[in-house]
Chemist: 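One structure, as C-alpha cells, below. Some questions next.
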Amino acid sequence: MPLDQIGADAPAAVIPVFDPATAEQIAEVPDVGPRAVDAAVARARATFESGVWREMLPKHRAKVLWRVAEIVDRRIDEIVEVEARNNGMARWLARNLIASAAEVFRYYAGWVTKIHGQSTDIMAEGGISGANARYHAYTLKEPVGVAGLIIPWNGPFYGAMVKLAPALAAGCSCVLKPAEETPLTSLMLPEILAEAGVPDGVVNIITGYGETTGAALARHPDVDKIAFTGSTETGKLIVQAAAGNLKRVTLELGGKTPVLIYDDADLSKAVPGAGLGIFINAGQGCVCGSRLYVQRGVYDQVVEGLANFGKAMKLGGSDDPEAQVGPIISQRQLQRVSNLVEEGRVQGAEVVSGGRILDRPGYFFEPTVVTNVRPDMRMMQEEIFGPVIAVIPFDDEEEVIAEANNSTYGLAAGVWTREIARAHRLAKRLEAGTVWLNAQLAWDVSQPFGGYKQSGWGYEYGWEGLNAYLKTKTVYAEI
Ligand code: NAI
Ligand code: MG
C-alpha cells in the first residue's frame, strides 16, 4: 500500500517483515507514527459523524458484510498464500482460519438487522400532580463511535476480521493496527472492504510498532474504544493509556490453559486432543493447553503418547503443503521459548521429548514434552507461547483443582473424563472463561469468548461481542 494511503508522510521508521520459516525479509512497512494515527482517527471520526456507514439502511449494511465474506472466500487462495508466508503457520491452519473469518462476517451480517433495545412501562409514586407517574421507558443501542483495533501476530487475518465484523455490524468506524510482525494480510483489507461496499474512510489500516503507533492509538483522545488482543503486559499499558479519555476497553489476553486427564478418560481422544491442543500453530495460541494434569494411573501412558504425538508432527514452512506445524513467529519469540525450557531444565525439569531449536533456517522449535516441573518455575507461571507442554501427575481432585486454578490467567481449561457428573462439576470449579469437556480448541462465533482473572476484560463473539461495540441509552417518556 502506498505511504500516502496509510497517511504516513514521514514515517519514523521502516519495519522489516520476515518469513519466519526462512528468516528472509519479504517486505517492509512503515511505522506510521502519531501524526498518521491522528489522520486515521480523523478520517474514522468524519465518516462516523457523517453517518455514511452507521446510518446506512441495516439491510444494506448487512449485505455489505455478507459480501466481504464472499470476497474472502473467492480470494482465499491468495490470502492463505500471504498469511502462511508472513506468519509461518501451516497452510491447512491458515485456510481454516481464513474460512472461519468469512463465517464471522456472515454471522455478524445476520445481527445487523436485529440490533434493538427493550421497552418497559413504568409506574412510580409521586408524579407532579400527586398521582402515580407513568412512563414509557425504552433503550436505544448506539454504536460506540471510533474503535481502535489492535491485533497480534498469531492469527493475523482472523484476528483482524473478528474485531472488524462486530465493529462494523454495530456501525462503528475503525482504525486497525496489525502486529508489526504480520501486517501483510491486513493490507489486503482496504481492497476487499472497498469492493464489498464499505465506504472509504470507515476502516483505516495503520502499520507500526506497538510502543509508537499502537500506543498513540490507545491514548488518542478521539478514540472511543480500544479492542485489543495480545499480552497481559501490553493489555495493562492499554488500560493506562485509555484513562486519558476513559475510552472503553476490551481485552483478550494471555492464558495458561490447564488440561486434566482422568484415569477413566478415552485416551484415544484425550492424548491427540491434548497434543494438538498445545502443538497447533507451534503453541502460539492464547488457549493452547500448556499445563497437563494427568491422574496417576494413566500418567506414564499419556507422557509416552504425547511424546510420540509431538515427534510424529511434520514441521515445515509455507512452501511445504504437508507441514502440520510451522515455525515460531520471530527470533525474539524463539529465544524466549528456548530460554524458558532451558531455565526449567537447569531447575530440574526433565525434557522427555523435543526441547531444541531445529538445525535449519527459520525459527523452528521441536514439539516439547516436559515433566518434573514445579509450580514456581517460570514455565509454569508465564505464558510460553511455544510448542511446550508440562505434564504433572495428580491423585486427588481437590488438589488438582487448586493447582489448575493456581494461575494469574483464566482463559480456558479442559477436562477429559468419562464420568459425566465429574465433568460438569469441574466445569463449575475451574476458573476460566471457556471450559472444554472431552474436547479442546472447540470454538464457535455464536458463543461468547472472554477471560477470567488477568486473561481479559469483556467478551468477543456472539451477542456479547457485538454489544461490546454498542452503548445503551435509556429514554423515559411520561405518558
Ligand atoms: P504484544 O501484546 O506486545 O503485541 C500485540 C499487539 O499489541 C501488537 O499489534 C503490538 O504492536 C501492540 N502493542 C505492543 N505494545 C503496545 C502498546 N504499548 N500500546 C499499544 N499497542 C501495543 O505481544 P508481543 O510482544 O508480540 O508478544 C509477547 C507475548 O505476548 C507472547 O509471548 C505471548 O505470551 C503474548 N501474546 C498473546 C497473544 C494472545 O493471543 N493472547 C497474542 C500475541 C502475544
Ligand atoms: Mg510486546
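Values below: every heavy atom of this structure, side chains too, minus hydrogens, waters and symmetry copies. Read the numbers this way: they start at 1 and go in the same order the structure lists the ligands and their atoms.
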Chemist: Given side chain to side chain contact (heavy atoms under 4.5 Å, CB included), test Met380 with Ile392 step by step and report yes or no.
Modeler: CA-CA 11 Å; Met380 290 297 286; Ile392 307 107; 3.6 Å; yes
Chemist: Checking contacts here: is it the side chain or the backbone of Gln284 that comes within 4.0 Å of ligand 1, counting heavy atoms only? Could be both or neither.
Modeler: neither
Chemist: Contact between Phe279 and Val369 at the side-chain level, heavy atoms closer than 4.5 Å - yes or no?
Modeler: yes
Chemist: Using modelled atom types only, decide if a donor and an acceptor are shared between the side chain of Asn86 and the backbone of Val17 within a distance under 3.5 Å.
Modeler: no
Chemist: Using distance alone, determine whether Gly208 and ligand 1 share an N or O pair under 3.5 Å.
Modeler: no
Chemist: Record the part of Leu253 in heavy-atom contact with ligand 1 below 4.0 Å; permitted values are side chain, backbone, both and neither.
Modeler: backbone
Chemist: Before signing off on this row, confirm whether Gly230 and ligand 1 have an N or O atom pair separated by under 3.5 Å.
Modeler: yes
Chemist: Heavy-atom distances under 4.0 Å decide this one: backbone, side chain, both or neither, for Leu217 against ligand 1?
Modeler: neither
Chemist: Picking from Glu195, Met161, Arg106, what satisfies side chain to side chain contact (heavy atoms under 4.5 Å, CB included) with Val68?
Modeler: Met161
Chemist: Mind checking whether Thr213 and Leu217 have side chains closer than 4.5 Å, heavy atoms only?
Modeler: no
Chemist: For Arg291, does the CZ atom have more than 12 heavy-atom neighbours from other residues, nucleotides or ligands under 6.0 Å away?
Modeler: yes
Chemist: Counting only heavy atoms not in Lys428, do more than 12 fall under 6.0 Å of its NZ?
Modeler: no
Chemist: Can you name the atoms of ligand 1, numbered from 1 with element, that are less than 4.0 Å from a heavy atom of Pro152?
Modeler: 42 (C), 43 (C)
Chemist: Closest non-hydrogen protein atom to atom 7 (O) of ligand 1, residue and atom name please, with distance?
Modeler: Phe228 CE1, 3.2 Å
Chemist: Trp153 heavy atoms, cut-off 4.0 Å: which ligand 1 atoms fall inside?
Modeler: 24 (P), 26 (O)
Chemist: Looking at atom 9 (O) of ligand 1, what's its closest protein heavy atom, distance included?
Modeler: Ile151 O, 2.8 Å
Chemist: For the 3.5 Å polar cut-off, considering only N or O atoms, please tell me whether Gly210 and ligand 1 meet it.
Modeler: yes
Chemist: Please find the pair of heavy atoms, one from Leu437 and one from Ala423, that lie closest to each other, and give the distance.
Modeler: CD2-O, 3.4 Å
Chemist: Quick one, Pro387 and Ile328 - any side-chain contact, counting heavy atoms below 4.5 Å?
Modeler: yes
Chemist: Checking the N or O distance criterion of under 3.5 Å, is ligand 1 in contact with Arg332?
Modeler: yes
Chemist: Give me the nearest non-hydrogen protein atom to atom 40 (O) of ligand 1 as residue plus atom name, then the distance to 0.1 Å.
Modeler: Asn154 ND2, 3.2 Å
Chemist: Flag Thr229 as yes when one of its N or O atoms lies below 3.5 Å from any N or O atom of ligand 1, and as no otherwise.
Modeler: no
Chemist: For ligand 1, which atoms sit closer than 4.0 Å to a heavy atom of Ile150?
Modeler: 6 (C), 7 (O), 9 (O), 12 (C), 20 (C), 21 (N)
Chemist: Tell me: protein heavy atom nearest atom 38 (C) of ligand 1, and distance?
Modeler: Phe385 CZ, 3.4 Å
Chemist: For atom 31 (C) of ligand 1, state which one of Glu383, Lys256, Gln333 supplies the nearest heavy atom.
Modeler: Gln333
Chemist: Can you find a heavy atom in the side chain of Thr434 that is under 4.5 Å from one in the side chain of Trp443?
Modeler: no
Chemist: For atom 20 (C) of ligand 1, grab the closest protein heavy atom and report residue, atom and distance to one decimal in Å.
Modeler: Gly214 C, 3.2 Å
